[in-house]
Trainee: 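Please read through the structure below; I'll follow up with questions.
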Amino acid sequence: MNLKTVLLGACSALAMAGMASAETLTIATVNNGDMIRMQKLTDDFTKDNPDIQLEWVTLEENVLRQKVTTDIATKGGQYDVLTIGTYEVPIWAKQGWLVALDNLGADYDVDDLLPAIRSGLTEDGKLYAAPFYGESSMIMYRKDLMEKAGLEMPDSPTWSFIAEAAKKMTDKDNEVYGICLRGKAGWGENMAFLTAMSNSFGARWFDENWKPQFDQPEWKDTLETYVNMMNESGPPGASSNGFNENLALFQTGKCGMWIDATVAASFVTNPKDSQVADKVGFALAPHKEGVDKNGNWLWAWNLAIPAGSKKIEAAEKFIGWATSKHYTELVAATDGWANVPPGTRTSLYENPKYQEAAPFAKMTLDSINSADPKNPTVKPVPYTGVQFVAIPEFQGLGTAVGQQFSAALAGQVSVDQALQNAQALTTREMTKGGYIK
């Protein structure tokens with residue numbers, strides 16, 4: 001055996017030893033644009049961490065929630081890093097299902113996280129998830145179509161103005177629809193939008209004694225306004241549309257207005273993807289006349305580690321990288337400042353480069369700061385959460401109610417019947433859960 005053979009054998013053995021010692025992190029994430037971009041940029045992470053390999057499970061929003069919830073509740077151990085929302089974090093932290101993030105790196109600067117976002121991810125003074133991007137909701141609209149309709153968008157419009165503008169902007173013969181809103185059933189799909197909308201009508205899920213409120217006039221007003229507006233000025237098949245479907249409609253010039261997550265602003269203004277990039281304006285989510293609440297929400301998609309994980313150190317390294325200032329600068333260098341993940345850090349909104357590149361920055365920050373999870377409604381309530389109710393039962397309740405409201409939008413049931421069904425099923429489940437007798 002010559003020296004060359006010995007050296008090659010040694011190198012091969014070392015390589016195999018290195019592969020054997022490498023940890024593979026399985027990351028469950030949502031199929032949103034920012035998450036897809038993160039996957040494309042992970043070479044930046046793996047070159048500094050060659051002993052960590054990444055395996056991705058990318059799912060549609062409703063499917064992700066179902067699979068991640070089932071896995072963590074049954075201690076399945078399928079995932080090492082979870083993408084979860086502001087709803088799950090405090091509930092799962094209290095149940096001991098998440099690992100506290102105590103070591104995200106010396107230069108992570110947790111105090112730079114926006115207080116409104118950080119507070120929803122903190123339990124007993126500890127951070128249990130790191131925000132990848134944060135959002136509220138706002139109106140994105142076509143300035144050219146608004147001008148053509150002879151209207152001017154107020155900074156804080158009413159629902160009556162939105163309904164009127166949607167009607168005037170609609171041109172169904174040319175497949176232009178005045179308003180695009182979520183209709184796909186799900187607690188984080190149509191019910192995220194409709195719960196926030198209902199707040200602006202003075203409605204609430206429960207009164208102070210946890211009695212469901214779908215039999216009250218404020219909810220009827222909310223749902224009638226939504227269904228009538230969508231039937232008159234919305235796209236066909238709207239009951240199947242969620243965030244991604246409406247994004248595609250807006251980017252291809254088929255929506256006059258879209259009320260949804262502020263994170264969409266960078267996508268609708270990106271000329272690479274949006275046919276209307278230079279025609280988009282922004283305004284605060286609407287309110288009803290005489291009601292001092294806008295219909296905007298507060299949310300973050302976050303990265304967390306399930307309790308019992310045997311790869312905590314590696315998972316924290318990845319989360320520290322993906323939610324760091326360094327990652328923000330990486331996206332800025334590759335895709336421009338307008339496309340960095342928004343809504344998580346104070347320093348981003350103080351950055352002149354971001355302010356110049358992102359015309360939606362101030363509106364996003366104002367929307368995030370104006371959402372109040374502790375006082376989400378006009379009347380007193382026993383729960384926190386703006387577009388959700390922060391109780392474990394809400395996943396099931398929200399989706400069941402969302403199915404009723406999606407059916408009303410599709411014309412399968414009347415608004416009155418959908419509300420009666422929502423009242424009955426919510427009352428039954430809250431009684432079963434011991435909230436009411």
Side-chain angles (χ1 to χ4, degrees), residues 25-40 42 54-74 76 78-89 92 129 131-135 137 180-196 234-252 254-255 258-268 273-274 297 299-304 306 322 341-343 387-388 394-407 409-410:
L25 293 178
T26 302
I27 304 165
T29 193
V30 67
N31 64 341
N32 289 351
D34 282 295
M35 301 300 188
I36 301 299
R37 180 184 288 122
M38 174 175 62
Q39 294 176 44
K40 295 176 181 177
T42 49
L54 306 177
E55 183 176 287
W56 297 90
V57 178
T58 307
L59 301 166
E60 186 270 333
E61 190 168 321
N62 283 343
V63 178
L64 174 78
R65 288 190 169 112
Q66 181 183 23
K67 287 186 175 295
V68 166
T69 301
T70 300
D71 188 68
I72 200 166
T74 59
Q78 188 175 352
Y79 311 113
D80 302 301
V81 176
L82 311 174
T83 303
I84 59 176
T86 306
Y87 163 75
E88 292 97 342
V89 176
W92 291 4
F132 183 71
Y133 69 76
E135 64 183 35
S137 54
C180 290
L181 302 172
R182 297 187 187 194
K184 181 187 291 185
W187 71 266
E189 282 281 7
N190 65 337
M191 289 315 297
F193 173 79
L194 283 166
T195 300
S239 61
S240 299
N241 291 347
F243 175 88
N244 286 331
E245 292 81 7
N246 284 326
L247 173 61
L249 286 168
F250 195 95
Q251 287 179 321
T252 53
K254 295 183 178 181
C255 295
W258 179 29
I259 305 171
D260 212 298
T262 53
V263 72
S266 65
F267 299 118
V268 299
D273 304 312
S274 176
W297 65 62
W299 185 255
W301 277 115
N302 315 283
L303 301 178
Q387 79 277 28
F388 57 80
F394 185 74
Q395 287 195 64
L397 283 174
T399 296
V401 172
Q403 289 166 348
Q404 294 298 320
F405 291 175
S406 187
L409 178 59

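Predicted model only: the values in this text are computed from it and were never measured.
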Trainee: Can a donor-acceptor pair be found, under 3.5 Å and without considering hydrogens, that links the side chain of N246 to the backbone of C180?
Mentor: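 Looks like no, no N/O pair under 3.5 Å.
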Trainee: Could you check if a side-chain atom of T29 sits within less than 4.5 angstrom of a side-chain atom of L64, using non-hydrogen atoms only?
Mentor: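 Side chain of T29 against side chain of L64, heavy atoms only: no contact under 4.5 Å found.
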Trainee: If you take all heavy atoms of F243 and A261, which pair is closest and at what distance?
Mentor: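 Smallest interatomic distance, heavy atoms only, reads CE1-CB, 4.1 Å.
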Trainee: Backbone N or O of A185 within a donor-acceptor pair of the N62 side chain at under 3.5 Å?
Mentor: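 It does hold such a pair.
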Trainee: For G402, does its backbone N or O pair with a side-chain atom of S406 as donor and acceptor, under 3.5 Å?
Mentor: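 Not at all, since once roles are kept as given, no pair shorter than 3.5 Å links the two residues.
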Trainee: For F267, does its backbone N or O pair with a side-chain atom of Q251 as donor and acceptor, under 3.5 Å?
Mentor: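 Flag set: sc Q251 to bb F267 pair under 3.5 Å.
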Trainee: Taking the side chain as C-beta and beyond, is there a heavy-atom pair between T83 and N302 under 4.5 Å?
Mentor: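 T83 vs N302: side chains apart.
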Trainee: Quick one: sort the F394 and W187 rings into parallel, tilted or perpendicular, breaks at 30° and 60°.
Mentor: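 Perpendicular, since the angle between the ring planes exceeds 60°.
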Trainee: Test W92 against Y87 for ring-ring contact (aromatic ring centres under 6.0 Å, His included), laying out the working first.
Mentor: CA-CA 9 Å; W92 291 4; Y87 163 75; 8.1 Å; no
Trainee: Please report the shortest heavy-atom distance between S266 and V263, naming the atom on each side.
Mentor: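 Closest approach of S266 to V263: OG-O, 3.6 Å.
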Trainee: May I have the step-by-step check of side chain to side chain contact (heavy atoms under 4.5 Å, CB included) for F193 and L181, ending in yes or no?
Mentor: CA-CA 8 Å; F193 173 79; L181 302 172; 3.6 Å; yes
Trainee: Going through the checks in order, is the side chain to side chain contact (heavy atoms under 4.5 Å, CB included) test met by Q403 and T399?
Mentor: CA-CA 6 Å; Q403 289 166 348; T399 296; 3.9 Å; yes
Trainee: So do the side chains of W301 and V30 get within less than 4.5 Å of each other, counting heavy atoms only?
Mentor: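 Answer yes - side chains close enough.
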Trainee: Look only at the side chain of D71 and the backbone of K67, and say whether a donor-acceptor pair between them is shorter than 3.5 Å.
Mentor: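 No.
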Trainee: Taking the side chain from S137 and the backbone from D260, do they hold a donor-acceptor pair closer than 3.5 Å?
Mentor: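 No, the answer is negative, given that no donor and acceptor are paired below the 3.5 Å cut-off.
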Trainee: Scan side-chain atoms only and decide if Q39 and T58 contain a donor-acceptor pair under the 3.5 Å cut-off.
Mentor: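 On atom types as modelled, these side chains qualify, holding a pair under 3.5 Å.
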Trainee: Taking all atoms of both residues into account, what is the closest heavy-atom pair of A28 and Y79, and its distance?
Mentor: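 Distance-wise, the nearest heavy atoms are CB-CD2, 3.7 Å.
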Trainee: Counting only N and O atoms by type, is there a donor-acceptor contact under 3.5 Å from the side chain of N241 to the main-chain atoms of G183?
Mentor: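 Here the side-chain-to-backbone pair does not exist.
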Trainee: Any donor-acceptor pair under 3.5 Å linking the side chain of T252 with the backbone of L249?
Mentor: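 Yes, because the side chain of T252 sits within donor-acceptor range (under 3.5 Å) of the backbone of L249.
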Trainee: If you compare all heavy atoms of L82 against all heavy atoms of P306, which two are closest, and at what distance to 0.1 Å?
Mentor: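 Looking at all heavy atoms of both residues, the shortest contact is CG-CD, 4.0 Å.
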Trainee: Can you tell me if T86 uses its side chain to pair, donor with acceptor, with the backbone of A300 under 3.5 Å?
Mentor: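 Pair found, side chain donor or acceptor close to backbone of A300.
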Trainee: Any idea how W299 and F388 line up, ring-wise: parallel (<30°), tilted (30 to 60°), or perpendicular (>60°)?
Mentor: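 It falls in the perpendicular class, over 60°.
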Trainee: Would you kindly say whether E135 and W297 are connected by a side-chain donor-acceptor distance under 3.5 Å?
Mentor: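 Checked: E135/W297 side chains pair up, N/O donor to acceptor below 3.5 Å.
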Trainee: Assess the residue pair Y133 and M38 against the criterion (side chain to side chain contact (heavy atoms under 4.5 Å, CB included)); give the C-alpha distance rounded to whole Å, side-chain angles, the decisive distance to 0.1 Å, and a yes or no.
Mentor: CA-CA 11 Å; Y133 69 76; M38 174 175 62; over 6 Å; no
Trainee: Look up atom CG in N244 and atom CD in E189, then write down how far apart they are to the nearest 0.5 Å.
Mentor: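 Result: 8.0 Å between the selected atoms.
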Trainee: Compare every heavy atom of L303 with every heavy atom of A322, then report the nearest pair and how far apart it is.
Mentor: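 That would be CB-CD1, 3.7 Å.
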Trainee: To the nearest 0.5 Å, how far apart are OG1 in T26 and CD in Q78?
Mentor: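 Going from OG1 on T26 over to CD on Q78, the span is 8.0 Å.
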Trainee: Given D80 and I27, is the side chain to side chain contact (heavy atoms under 4.5 Å, CB included) satisfied, shown in steps?
Mentor: CA-CA 6 Å; D80 302 301; I27 304 165; over 6 Å; no
Trainee: Under the salt bridge (charged side-chain N to carboxylate O under 4.0 Å, His left out) criterion, do E60 and K184 qualify, and how do the steps go?
Mentor: CA-CA 12 Å; E60 186 270 333; K184 181 187 291 185; 3.6 Å; yes
Trainee: Counting C-beta onward and ignoring hydrogens, is there a side-chain heavy-atom pair between V401 and F405 closer than 4.5 Å?
Mentor: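 Side chain of V401 against side chain of F405, heavy atoms only: contact under 4.5 Å found.
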Trainee: Of all heavy-atom pairs between Q395 and T69, which one has the smallest distance, and what is that distance?
Mentor: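 Looks like OE1-OG1, 3.4 Å.
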Trainee: Is there a donor-acceptor pair under 3.5 Å between the side chain of R182 and the backbone N or O of G188?
Mentor: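 Side chain of R182 to backbone of G188, a donor-acceptor pair under 3.5 Å: yes, one is there.
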